[in-house]
Amino acid sequence: MLKDLIKMMVQALVNNPGMVHVDEMTGENISIYELTVAKEDRGRIIGKHGQTVKSIRTIINAVSSRSNRKAVLEIIE
């Protein structure tokens with residue numbers, strides 16, 4: 001569910017939506033999402049001073065807190 005949300009948000013921001021890939025690793029109380037995008041789209045995801053990625057992280061943390069889990073979003077280079 002959260003994986004699909006991340007993918008949907010990121011695909012709306014990038015020029016190459018077909019290159020967006022999200023991997024999910026789950027632990028006991030944490031989920032780690034690894035986001036891979038096309039090299040030329042990394043700047044769009046990070047945004048000025050990291051504001052875009054910070055906003056995405058805020059949204060996924062708000063959603064994951066409903067199930068008492070922590071969510072971490074990592075951008076893979």
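In what follows, every heavy atom counts, from backbone to side chain, and hydrogens, waters and symmetry copies are set aside.
Partner of Leu5 under the side chain to side chain contact (heavy atoms under 4.5 Å, CB included) criterion, out of Val63, Val22, Val10: Val63 alone. Just one residue in the list Thr52, Leu73, Val20, Ile75 forms a side chain to side chain contact (heavy atoms under 4.5 Å, CB included) with Ile45, and that residue is Ile75. Between Asn16 and the choices Lys39, Arg44, Glu40, the side-chain hydrogen bond (donor to acceptor under 3.5 Å, both in side chains) rule is met once, by Glu40.
For CE of Met19, the number of neighbouring non-hydrogen atoms (other residues, nucleotides, ligands) closer than 6.0 Å is 12 at most. Annotation for Lys70: atom NZ does not count as buried by contact number, only 12 or fewer foreign heavy atoms lying within 6.0 Å.
Residues Met25 and Asp23 fail the side-chain proximity criterion, which asks for heavy atoms closer than 4.5 Å. In this structure the side chain of Ser31 never reaches within 4.5 angstrom of the side chain of Leu2, judged on heavy atoms.
Hydrophobic cluster membership is shared by Met8 and Ile56, with clusters built from Ile, Leu, Val, Met, Phe, Trp and Tyr side chains linked at under 4.5 angstrom.
Taking CZ of Arg42 as the reference point, atom OG1 of Thr36 lies at 8.5 Å (rounded to 0.5 Å).
Here the closest heavy-atom approach between residue Ala62 and residue Ser65 is recorded as O-OG, 2.8 Å. Residues Arg69 and Glu28 approach most closely at NH1-O, 3.0 Å, considering heavy atoms. The shortest heavy-atom contact between Gly50 and Val53 is O-CG1, 3.4 Å. Of all heavy-atom pairs between Tyr33 and Glu24, the closest is OH-OE2, 3.1 Å.
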